[in-house]
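Just so it is clear, the values below take in all heavy atoms, side chains as well, and ignore hydrogens, waters and symmetry mates.
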Amino acid sequence: MYDEDIGGPYAPPERTRATRMFPARSRSSARGFLVAKLRAQAAWRQLIFESHLERKCLLVLLSQHAVVDVWDQPPQITYRNQDGKLKPHTFDFLATLDDGKRIAIAVKPDGLVERNGFDREFALIRAQTAKQFADDALLVTGSSFSAAEVRNAELLHMFRQVEDAEADAAVQQVLRGMNREMSLGQVVAVTGLQGRAFRAGFKAIFDGIVMTNLSFPVTEASMLLMPQVR
C-alpha cells in the first residue's frame, strides 16, 4: 500500500484466493471486498464477502491476534445430508491460527438458521469435514459477536491501512515504561502525537502489546494494563 510518510511506490494488493466467485451486485445482499495484510503473508490482499454479516465476521476475524491467515471462499467440500445425498458446501472463510489450527467458518443470519434448520445441516457438515481441510468448523450468526466487537474491528481495520512507525514506537516506549494502570488518553497525551498516537495505541491493544476490556468500545477512557508475564 502507499504510505505518505515513507513516500514509497504504490503496490496493488494481491487478488483474492477465493475459489468461488459471485456477481458483484445483488438486490438481496451487500457484496464487496476489503484489503488486509495478514501475518502469514507479506503483501496486502483482497478478501471478498457476500453480505454485511460476512463483512462483520471478516473484520472480527482480522482483529483476533491469534488469527494469522484467512482464506475467503476456500475450496469446496462434499458431505452427505440427512437423506444420504452427496452435496457440495463452500465455507465462507478458513481461518488459520498461530498454533497451526484451521477453523472453517460458515456465516448465516440467525433468521435463516431458525427458519431452515441450518444448524442441523451444519452439524452434518461439521462432522464430515476432513481434518486435512480444517481442525474444526464453526457456524457464525449475527448473535456471535457484539456491537462493541464489530465497532472495534471496524476501527482497527481502518487504522491498519496506513503504517506509522514513528507513532508506534512512541506509544510502545510509553507502554514499556508504564508501572501503573493508565488510560489510552493519558498515553496519547504523553506522546504529544494526538490522533496518530491514539491509532497506534489502538493497534497495540489488538497486537497483544497491552490489554484492556474489549467487551466495550475502545476509547481514550479505556484503561490499559501490561500483559502478565508467565
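I77 places none of its side-chain heavy atoms less than 4.5 Å from the side chain of P88. Using a 4.5 Å heavy-atom threshold, the side chains of V60 and L62 count as separate.
A169 is linked by a side chain to side chain contact (heavy atoms under 4.5 Å, CB included) to nothing, counting only residues two or more places apart in sequence or in another chain. A search for ring-ring contact (aromatic ring centres under 6.0 Å, His included) contacts involving H157 returns nothing, not counting sequence neighbours. In this view, K203 and D168 satisfy the salt bridge (Lys or Arg N to Asp or Glu O under 4.0 Å) rule, not counting sequence neighbours. Annotation: salt bridge (Lys or Arg N to Asp or Glu O under 4.0 Å) contacts of R20 (sequence neighbours excluded): E50. Annotation: side chain to side chain donor-acceptor pair (under 3.5 Å) contacts of R199 (sequence neighbours excluded): none. Looking at residues two or more places apart in sequence or on another chain, you find no salt bridge (Lys or Arg N to Asp or Glu O under 4.0 Å) involving D98. Annotation: salt bridge (Lys or Arg N to Asp or Glu O under 4.0 Å) contacts of E166 (sequence neighbours excluded): R196. Annotation: side chain to side chain donor-acceptor pair (under 3.5 Å) contacts of T19 (sequence neighbours excluded): none. Under the rule for a side chain to side chain donor-acceptor pair (under 3.5 Å), the partners of Q41 that lie at least two apart in sequence or sit in another chain are R45, D69. Every residue two or more places apart in sequence or in another chain was checked for a side chain to side chain donor-acceptor pair (under 3.5 Å) with E114, and none qualifies.
Grouped with V218 in one hydrophobic cluster are L155, L156, M158, F159, V171, V174, L175, M178, M182, L184, V187, V188, V190, F198, F202, I205, F206, I209, V210, L214, L224, M226, the linkage being side-chain heavy-atom contacts under 4.5 Å among Ile, Leu, Val, Met, Phe, Trp and Tyr residues.
Minimum interatomic distance between P217 and S222 (heavy atoms only, all atoms of both residues): O-OG, 3.8 Å. Looking at every heavy atom in both residues, A153 comes nearest to L59 through CB-O, 3.5 Å. When all heavy atoms are compared, the tightest approach of V140 to C57 is CG1-SG, 4.0 Å. The two residues T129 and A134 make their nearest non-hydrogen contact at CG2-CB, 4.2 Å. The two residues D135 and G100 come nearest to each other via the heavy atoms OD2-O, 4.1 Å. Residues A106 and F122 come closest through the heavy atom pair CB-CE1, 3.8 Å.
Heavy atoms of other residues, nucleotides or ligands lying less than 6.0 angstrom from CZ of F33 number 12 at most. By the neighbour-count criterion of 12 heavy atoms within 6.0 Å, atom CD of Q128 is densely surrounded, having more than that number from other residues, nucleotides or ligands. Other residues, nucleotides and ligands contribute over 12 non-hydrogen atoms within 6.0 Å of the CD atom of Q76. No more than 12 heavy atoms of other residues, nucleotides or ligands lie within 6.0 Å of CZ in F216, so this atom counts as exposed by the packing criterion.
Cluster annotation: L61 is connected to L47 through the hydrophobic network of ILVMFWY side chains, with a link wherever side-chain heavy atoms come within less than 4.5 Å. Both F93 and L138 are part of a single hydrophobic cluster, where members link through side-chain heavy atoms under 4.5 Å apart. Two different hydrophobic clusters hold I105 and I125 under the rule that ILVMFWY side chains link at heavy-atom gaps under 4.5 Å. In the hydrophobic clustering of ILVMFWY residues, with side-chain heavy atoms under 4.5 Å counting as a link, W71 and L58 come out apart. Linking Ile, Leu, Val, Met, Phe, Trp and Tyr whenever their side-chain heavy atoms come within less than 4.5 Å puts F91 and V113 in one cluster.
Rounded to the nearest 0.5 Å, atoms CZ (F49) and CZ (R55) are 5.5 Å apart. To the nearest 0.5 Å, atom CD of residue E149 and atom OG of residue S63 are 7.5 Å apart. Once rounded to the nearest 0.5 Å, the distance linking CG of L225 with CE of M211 reads 7.0 Å. Remark: L34 CG to W44 CH2 distance equals 10.5 Å, nearest 0.5 Å. Atom-to-atom distance recorded for T191:OG1 and Q173:CD is 10.5 Å, nearest 0.5 angstrom. Between the CD atom of E181 and the CE atom of M223 there is a distance of 4.0 Å, given to the nearest 0.5 Å.
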### CA sep, side-chain torsions, deciding dist, call: D207, R160, side-chain contact (heavy atoms from CB on, under 4.5 Å)
CA-CA 11 Å; D207 288 341; R160 282 176 169 169; 3.4 Å; yes

### Derivation and outcome, side-chain contact (heavy atoms from CB on, under 4.5 Å), residues L97 and I103
CA-CA 8 Å; L97 309 184; I103 311 296; 4.3 Å; yes

#### Entry: salt bridge (charged side-chain N to carboxylate O under 4.0 Å, His left out) between E14 and K37, intermediate numbers included
CA-CA 10 Å; E14 295 185 358; K37 190 175 184 181; over 6 Å; no

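Pairs of residues two or more places apart, or lying in two chains, that qualify as side chain to side chain donor-acceptor pair (under 3.5 Å) and include a residue from residues 100-111 are D110-T141, D110-S143.
Ion pairing of R126 with D119 is absent here, as no side-chain N (NZ or NE/NH1/NH2) approaches a carboxylate O to less than 4.0 Å.
Of the candidates H89, E121, K85, Y79 forms a side-chain hydrogen bond (donor to acceptor under 3.5 Å, both in side chains) with just one, namely E121.
Although no hydrogens or angles enter the test, the distance criterion places a donor-acceptor pair under 3.5 Å between the side chain of R17 and the main chain of V70.
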